[in-house]
Structure formats: structure tokens, C-alpha cells
Amino acid sequence: MSGDSHIIEPVDLFKSRLPKHLRERALWEEEFTLGEPMVPGGHTEFKKLHTIGFDGWTISKYRQHGGATPDGDPEHIIRDMNLDGVDASVMFPNLSLFVLFTDDHELSMAHARVWNDYIVERYLQYKDRLRPTAAIPLTHIPDAVAEIERVARLGIGAILLPDIPPSLPYWSAEYDPVWAAAQAHGLPVFFHVATGGVKVKDNESETATTVRGLMTSMNMGKGQLTDAMVASRTMSAGGSGAAGPQGIIADLVAGGACERFPNLHFNLIEYSAGWLVSYMGFMDKLWKTGTGQDPDWWLGFWDDSRSPQDQPAMGRLFAVNNRWPHPLKPSEYVRRQIHVQFADDPTAVKARHITGVSTIMWGNDYPHAEGTFRSSAECIAENFEGVGDEDRAAILGGTLADIVGFDKSKKLAGLTSGA
């Protein structure tokens, strides 16, 4: 089973369905075809995105060689799942991810409602194999709760939140009504990479800024590599991309959401997972006095004008270590409620004995070019060499099935109908 797959939206989905007064601001996609590919044998079919913060963002259509190009039709998605050996998939938006979570509440909520209605109409009948996620903007908490209530009534089984929240961090108790509504309806929460951070008035996006920065790395193959380029690309393996999911985990665990809502599962999508093992260890280490540490060690800046008992710039460095405010250790909350998806990350698989098997789950990122679609069997063989059947089954679908309610008792890949 795949914990990360995408629905390619109709290019005019929002232009045709948003309230009329918002249609001029709707996300839409422009398709065009090159007479000749930019490189021999390359892609010729392209899509250009038009939306706030990402206007002009252009991609070649996915998987133009080696089979039928994916197009978002549910029967075609299931056809591709059968080819890839995938029984069931949790589904996310594709390019509309960039407009569903802006700082303009009316605009985001209107796009979200269109998306949520669309997946009910088009995909819900295939819910034994396709589990689309409902987008829930957080720019107005009462409206977010109302939308959770609405999509739950419609039969959607999971919700999608931005990895960059609109204003308050996820440690804030202001989000408790959202967590309460999700838990009450049995809706697991998903966070997908590259969502949120779009500022309408400034016409900019934190995600778009990051993406533009990637162009330097992507374009390395066009000319002579310099030592600086090679060092910069190699440095990116140091885990800077893990800051986002680590922040979400820290907020949910330290802010008490996991403690207050013990039956709610939080899922972090398309962040890879090899970083999780060290992060869990460091979280626990920060909240206990380490072996050999001196708990009475002071440091800071001494103020001669104050008495020794009144030195606000002095403190005991390790005094806070034993003040963790929750009954479980940070890593125990992660093992109980948090799951990180990966596609090709053998380190994450090898570290499962430390992180806990349930903390990681696989997904093929269909149909994206960086995913494993059409080569998933080969990728799984490489990642799971020597892994026992029980752990393999859990990471490749068992955990995900328990979270979203898929049937893991039978093999579905190969069936021609998803209804």
C-alpha cells in the first residue's frame, strides 16, 4: 500500500467551480506541447501553473515514456496501481497543493471546498483502493472544524493540513478544536511536504522560494561542475530538509496534542524518514540529565551591580532537563501516534528496531518523477533486503491500513475495478 500518491486535477477544476467572484483568482493550469523536445528523446508535453506565489511554475507531464501518461482518471490510477503492485493508496492533491493553504482564508477555503467536493464525486466510490484526503485550511479555526464535520458526513476518511501552519505553530492549544473534531470522527491527520506558507498580498510562497533554490542544484548537470556545487549538493544530505517534519513532531509532542488526543494519528508525507532515528534519540536526551552531567553547573554573564542571589543572566544549563511536562517520553508519543512516509530510504528501514516499526511507512509518490512508480518492486527489493515478513508487511501497508481503514486481509492489485 502507498502512503503517498497524487490525483492530477482537471486543469480548469477551480476556474469552473469556485464562486464566481473568486474565479479570476483561481488556480488553473495551462497545457502546451513542444514541437521538438529540449533534449533528444525528452518530454514534449508540459503544464504551466497559474496561481499566487507559483505563477509560471512549469513541469513536464509525468511519465511520458514507458506506458500511458497518468491523467487522474480513477480507473487509470487503479490500472497503474495494478501495474505497480499497489493494493491501495492514500491520495493527495497535485499542483493544487500550492493554493489550498494560503493566508487568504476566503480563497483557500473556497479552493478546499471545491477539492473536497470533487474527490467525493469522483473518487469516493473507489474507497476500497483509493483514499483521498480532504484539505482543511487553518486560517479560521471554527471554519476548519465545520469543514471537518462536513467532509466526515460526506464519507471522506482522512484530512490534509499544511506543513507550514498559517500563523500559530502546531504547539498552540488553539488547534485543539481541530484535533478534537478529527479524533471524534476517526479521521487521521496528514501533513504533506511543500504545503502552506503562501502569502497572498506579497504574492510569494516560502515553498516556492525553496523550489527556486533547487534550480541551482538541478541545473548542475548542464555545465561544468565546480567544487562549490558538489559540496553544496552533498551538504544537502545533512538533513536540512528534515527541519520541517521535525518541527511538526516537536510541536505536536511537546505542545501536548498527542497527550490530549491519544487516539489521533499524525502522518508526515514525502519527507523521507532516515533522519527519524537520531531525532527521536535527541528528543529524549534533551529531557533527562545525562550520565556524567553536572546538574548544578552554572554559566552566563555576571552582573557586579547585583547580589549573587539576583543574577538574571546566569543559569544552570541542565536544570531544565528533568522538567519534561508530559507523562510519556517524546519518543513514546512518536511510536504511539506519529508515522513518517518514505519511498526509497533503506536507512529508515534499517533503523526500524530503534524507531519502532510503526513509525515508518512506504509510499510510491505516484505519479511523480521523483517517486518509484513503475519500479516499486525493484525499489522495495533494495530497501527491504533481509527484512522479515512481519516488519515488511507492516511498513509496506499494514500500519497504513490500520490508520485509514484499508482491508489488509487480501491482495487487491490486479483487479480491474476499484468499485
Side-chain angles (χ1 to χ4, degrees), residues 6-31 47-59 72 91-122 132-151 154 156 158-170 172 174-175 177-178 181-182 189-212 244 269:
H6 294 266
I7 294 170
I8 298 175
E9 312 91 342
V11 296
D12 63 347
L13 175 64
F14 301 103
K15 278 283 189 184
S16 62
R17 296 197 182 201
L18 279 184
K20 290 183 179 180
H21 71 284
L22 291 174
R23 290 183 184 177
E24 287 300 314
R25 303 172 66 199
L27 177 146
W28 63 284
E29 299 171 31
E30 174 188 352
E31 297 184 332
K47 299 174 76 169
K48 182 187 292 185
L49 182 64
H50 297 283
T51 191
I52 295 165
F54 288 88
D55 197 61
W57 169 250
T58 303
I59 62 170
M91 310 298 296
F92 300 97
N94 190 46
L95 295 183
S96 61
L97 283 172
F98 298 146
V99 75
L100 292 167
F101 306 106
T102 76
D103 62 352
D104 185 315
H105 177 66
E106 182 186 25
L107 184 68
S108 292
M109 187 58 77
H111 277 84
R113 287 175 178 150
V114 167
W115 164 260
N116 296 340
D117 289 341
Y118 174 68
I119 60 176
V120 170
E121 297 168 13
R122 192 85 164 102
T133 52
I136 308 295
L138 297 174
T139 34
H140 185 261
I141 299 302
D143 281 357
V145 171
E147 187 65 6
I148 291 173
E149 302 280 354
R150 187 179 80 90
V151 300
L154 291 173
I156 298 176
I159 63 172
L160 172 65
L161 303 183
D163 75 334
I164 302 173
S167 54
L168 297 171
Y170 281 121
S172 173
E174 295 291 326
Y175 294 113
V178 173
V189 176
F190 288 80
F191 303 91
H192 195 285
V193 71
T195 51
V198 178
K199 299 176 181 177
V200 170
K201 290 182 179 179
D202 298 333
N203 194 25
E204 67 178 26
S205 162
E206 292 180 39
T207 300
T209 300
T210 300
V211 169
R212 289 189 181 97
I269 306 303

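No donor-acceptor pair closer than 3.5 Å links the side chain of Arg17 to the backbone N or O of Val114. Side chain of Asn116 to backbone of Ala135: a donor-acceptor contact under 3.5 angstrom is found. Put simply, the side chain of Thr133 never gets that close to the backbone of Ile159: no donor and acceptor are under 3.5 Å apart. Counting only distance, with no hydrogens or angles, the side chain of Asp103 and the backbone of Gly197 share no donor-acceptor pair below 3.5 Å. Using modelled atom types, no side-chain atom of Lys15 and backbone atom of Ala26 make a donor-acceptor pair closer than 3.5 Å. No donor-acceptor pair closer than 3.5 Å links the side chain of Ser172 to the backbone N or O of Leu168.
Exactly one of Leu107, Asp202, Leu27, Val99 qualifies for a side-chain contact (heavy atoms from CB on, under 4.5 Å) with Ile52. That residue is Leu107. In summary, of the residues considered (Ile156, Val189, Val178), a side-chain contact (heavy atoms from CB on, under 4.5 Å) with Ile148 occurs for Val178 alone.
Residues Ile119 and Ile7 are in side-chain contact: their nearest non-hydrogen atoms beyond the backbone lie under 4.5 Å apart. Annotation: side chain of Tyr175 is in contact with side chain of Pro165 (closest heavy-atom distance under 4.5 Å). When side chains are defined from C-beta on, Leu138 counts as touching Leu161, because their heavy atoms get closer than 4.5 Å. With contacts defined as side-chain heavy-atom distances shorter than 4.5 Å, the pair Ile8/Lys47 qualifies. Counting only heavy atoms from C-beta outward, the side chains of His21 and Glu106 approach each other to under 4.5 Å. Side-chain atoms of Pro93 and His6, non-hydrogen and from C-beta on, never get closer than 4.5 Å to each other.
With rounding to the nearest 0.5 Å, the separation of OG1 in Thr139 from CE in Met109 is 6.0 Å.
Residue Glu24 places its CD atom among 12 or fewer non-hydrogen atoms of other residues, nucleotides or ligands, all under 6.0 Å distant.
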Inset, instruction - Output, in order, the C-alpha distance, side-chain angles, deciding distance and verdict of side chain to side chain contact (heavy atoms under 4.5 Å, CB included) for Trp28 and Leu49. - result: CA-CA 6 Å; Trp28 63 284; Leu49 182 64; over 6 Å; no
Inset, instruction - For side chain to side chain contact (heavy atoms under 4.5 Å, CB included), just list the numbers for Phe98 and Val198, CA-CA rounded to whole Å, side-chain angles, deciding distance to a tenth of an Å, and then say yes or no. - result: CA-CA 8 Å; Phe98 298 146; Val198 178; 5.6 Å; no
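No side-chain donor-acceptor contact under 3.5 Å links His192 and Asp163. Glu29 and His50 form no side-chain donor-acceptor contact under 3.5 Å, judged by distance and modelled atom types alone.
Salt-bridge formation is detected for the pair Arg113/Glu147: a Lys NZ or Arg NE/NH1/NH2 atom is positioned less than 4.0 Å from an Asp or Glu carboxylate oxygen. For Arg25 and Asp104, the salt-bridge test passes: some basic side-chain N is under 4.0 Å from an acidic carboxylate O. With respect to the salt-bridge test (charged N to carboxylate O, under 4.0 angstrom), the residues Arg150 and Asp117 qualify.
Shortest non-hydrogen contact noted between Thr58 and Gly56 is OG1-O, 2.8 Å. Contact between Pro137 and Ala112 at its shortest, heavy atoms only, is CD-CB, 3.6 Å. Across all their heavy atoms, Ser96 and Trp115 have their closest contact at OG-CE3, 4.2 Å. Looking at every heavy atom in both residues, Pro19 comes nearest to Ala110 through CD-CB, 4.2 Å. Here the closest non-hydrogen pair linking Phe101 and Leu160 is CZ-O, 3.5 Å.
In this pair, Trp57 and Phe54 present their aromatic rings perpendicular. The plane angle is above 60°, beyond the 30 to 60° band. Taking the six-membered ring for Trp and thresholds of 30 and 60 degrees, Phe191 and Tyr170 have ring planes more than 60 degrees apart, a perpendicular arrangement.
Every ring pair (Phe, Tyr, Trp, His ring centres under 6.0 Å) that Phe14 has, sequence neighbours left out, goes to His111.
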